[in-house]
Amino acid sequence: MQAQEKPSILKENLRISSQTEIAPKIFKMVLTGQMVEEMKEGQFLHLRVPDPSKLLRRPISICDIDKEKQEASIIYRVQGMGTEILSHLKSGDFIDTMGPQGNGFDLSMVNQDDKVLLIGGGIGVPPLYATAKALAKKGAQVTAVLGFANKSAVILEEEMKQVAQVTVTTDDGSYGIKGYVSTVVDELTDDFTAIYSCGAPGMLKYVDKKFADHPHAYMSLEERMACGMGACYACVVHLKDSLEAANRRVCQDGPVFETDSVVL
Ligand SMILES: Cc1cc2nc3c(=O)[nH]c(=O)nc-3n(C[C@H](O)[C@H](O)[C@H](O)COP(=O)(O)OP(=O)(O)OC[C@H]3O[C@@H](n4cnc5c(N)ncnc54)[C@H](O)[C@@H]3O)c2cc1C
Ligand code: FES
């Protein structure tokens, strides 16, 4: 008889062990709880905002996973009221969390010494950190190209450097190489076993086109979400080259999709 699968979506009050503003309006929250044992790179948490007027949970990617310590971190930017309220929570507070949700990054085809490319933009960099760590642990050679609007928005550079060869770009040239990530990625000549990306829509469109024919190139997408568990179809994206109007749900079928598979 097959072992019974564990439920993939859990709900737990995770304990906030710390919360720090790591860049203007960008916060890192460290969370502890049993749910960490189930977490996989590229999945997200669906956080309830502790305010009765905010009924919809907020989806935030998992940035770092430490199963031994039952500790995970998220990094988020204050965007509107929900994330503003989250940013005022203190260590010792608890946060009602559903997750880990979605299909994360598939790392299974990467073996020791393989070359892997990570392409991240802005607040899309956090899920690539856990991914870089897991890939480095496999013995892969990880190259990361990370793009930000300007110097003050740069996050996770030092952490990434522990596990990857990192190049930073800024749109205004205030730090690193001036330009978009494409400025650097277009110059790379290595054969990468896999490519993982997360960032703003414009960046993902570039990745989608550039690596359309790559067998293992993945993008993590964002859509407005409601239920966050596949029931309401608020978060659909359309499949490319499909005769019928075929959809996929970002919360359940994604957030990670292969390049050249969905309409961006
Ligand atoms: C799979 C996934 C992973 C994400 N990971 C991160 C992350 O790691 N760090 C980070 O800073 N942000 C992340 N986001 C975006 C984050 O969810 C929104 O910034 C946040 O929900 C905004 O909430 P708010 O109340 O502050 O803003 P408001 O604009 O007031 O939000 C109003 C409503 O819109 C929804 N909403 C607003 N913006 C977005 C958005 N971009 N995507 C989805 N729903 C949105 C909110 O959930 C809420 O229901 C992610 C989004 C998705 C879908
Ligand atoms: S948010 Fe309800 S199906 Fe994705």
Side-chain angles (χ1 to χ4, degrees), residues 8-9 14 19-31 39-65 72-89 95-105 118 120-132 146 148-149 153-156 159-160 196-204 218-239 246-257 262 264:
S8 57
I9 293 183
L14 296 181
Q19 161 126 279
T20 335
E21 188 167 10
I22 58 167
K25 289 198 170 282
I26 299 180
F27 289 81
K28 175 179 175 184
M29 195 189 265
V30 181
L31 300 161
M39 293 181 187
K40 189 172 173 294
E41 300 77 25
Q43 288 188 302
F44 68 94
L45 301 178
H46 218 196
L47 305 171
R48 198 178 81 75
V49 178
D51 181 311
S53 72
K54 303 276 172 296
L55 293 177
L56 297 178
R57 289 172 180 266
R58 273 32 177 187
I60 304 287
S61 306
I62 300 166
C63 170
D64 196 8
I65 308 168
S73 72
I74 53 171
I75 291 182
Y76 63 95
R77 181 167 52 209
V78 171
Q79 197 73 30
M81 276 302 288
T83 43
E84 169 74 35
I85 294 170
L86 292 181
S87 74
H88 294 294
L89 295 174
I95 183 158
D96 177 343
T97 308
M98 269 171 54
Q101 277 166 249
N103 281 309
F105 287 118
L118 306 183
I123 207 66
V125 172
L128 296 180
Y129 178 55
T131 309
L146 311 177
F148 302 91
V154 175
I155 52 168
L156 288 168
E159 291 86 340
M160 276 287 199
Y196 303 94
S197 64
C198 186
M203 193 205 90
L204 292 182
Y218 304 94
M219 311 170 293
S220 180
L221 306 187
E222 268 190 27
E223 272 303 325
R224 296 244 161 186
M225 290 185 180
C227 74
M229 53 193 289
C232 74
Y233 284 75
C235 64
V236 292
V237 285
H238 296 280
L239 282 187
N247 298 325
R248 288 290 178 272
R249 294 156 297 182
V250 171
C251 69
Q252 175 97 352
D253 307 309
V256 174
F257 293 91
V262 296
L264 293 180

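Numbers here are sequence positions counted from 1. Note that this is a predicted model, so its numbers are computed, not measured. Whatever order the structure lists ligands and atoms in, that order sets their numbers, starting from 1.
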**Prompt:** In terms of heavy-atom contacts, does NZ of Lys40 have more than 12 from other residues, nucleotides or ligands at under 6.0 Å?
**Reply:** yes
**Prompt:** Does any N or O in the side chain of Glu223 come within less than 3.5 Å of the main-chain N or O of Pro255, such that one atom is a donor and the other an acceptor?
**Reply:** no
**Message:** Under 6.0 Å between ring centres: does that hold for Phe105 and Tyr196?
**Reply:** yes
What's the spacing between [X] [atom1] and [Y] [atom2] if we round to 0.5 Å?
X      : Y     : atom1 : atom2 : result
Arg224 : Leu56 : CZ    : CG    : 10.0 Å
Thr83  : Arg77 : OG1   : CZ    : 9.5 Å
Tyr76  : Met29 : OH    : CE    : 4.0 Å
Ile62  : Phe44 : CD1   : CZ    : 9.0 Å

**Item:** Degrees at atom 2 (Fe) of ligand 2 between the SG atom of Cys227 and the SG atom of Cys232, nearest 10°
**Value:** 100°
**Fill in**
On a heavy-atom basis, the closest approach of Ser197 and Leu204 is OG-CD2, 3.7 Å
**Prompt:** Closest heavy-atom contact between Ile155 and Ala23?
**Reply:** CG2-CB, 4.1 Å
Close-contact set for ligand 2 against [X] heavy atoms, below 4.0 Å:
X      : result
Cys251 : 1 (S), 3 (S), 4 (Fe)
Tyr233 : 2 (Fe), 3 (S)
Gly228 : 1 (S), 2 (Fe)
Ala226 : 1 (S)
Cys235 : 1 (S), 3 (S), 4 (Fe)
Ala231 : 3 (S)

May I have every N or O pair linking ligand 1 to the protein at under 3.5 Å, one per line with atom names and distance?
unit_1	atom_1	unit_2	atom_2	d
ligand 1	5 (N)	Ser61	N	3.0
ligand 1	5 (N)	Ser61	OG	2.9
ligand 1	8 (O)	Ser61	N	3.2
ligand 1	8 (O)	Ile75	O	3.3
ligand 1	9 (N)	Ile75	O	3.0
ligand 1	11 (O)	Arg77	N	2.7
ligand 1	14 (N)	Pro59	O	3.4
ligand 1	14 (N)	Glu222	OE2	3.4
ligand 1	17 (O)	Pro59	O	2.6
ligand 1	25 (O)	Arg58	NE	2.9
ligand 1	25 (O)	Arg58	NH2	2.9
ligand 1	25 (O)	Gly82	N	2.9
ligand 1	26 (O)	Gly80	N	2.8
ligand 1	26 (O)	Gly80	O	3.3
ligand 1	26 (O)	Thr83	N	2.9
ligand 1	26 (O)	Thr83	OG1	2.4
ligand 1	27 (O)	Gly80	N	3.4
ligand 1	34 (O)	Arg224	NH1	2.6
ligand 1	41 (N)	Glu222	OE1	2.6
ligand 1	42 (N)	Glu222	OE1	3.4

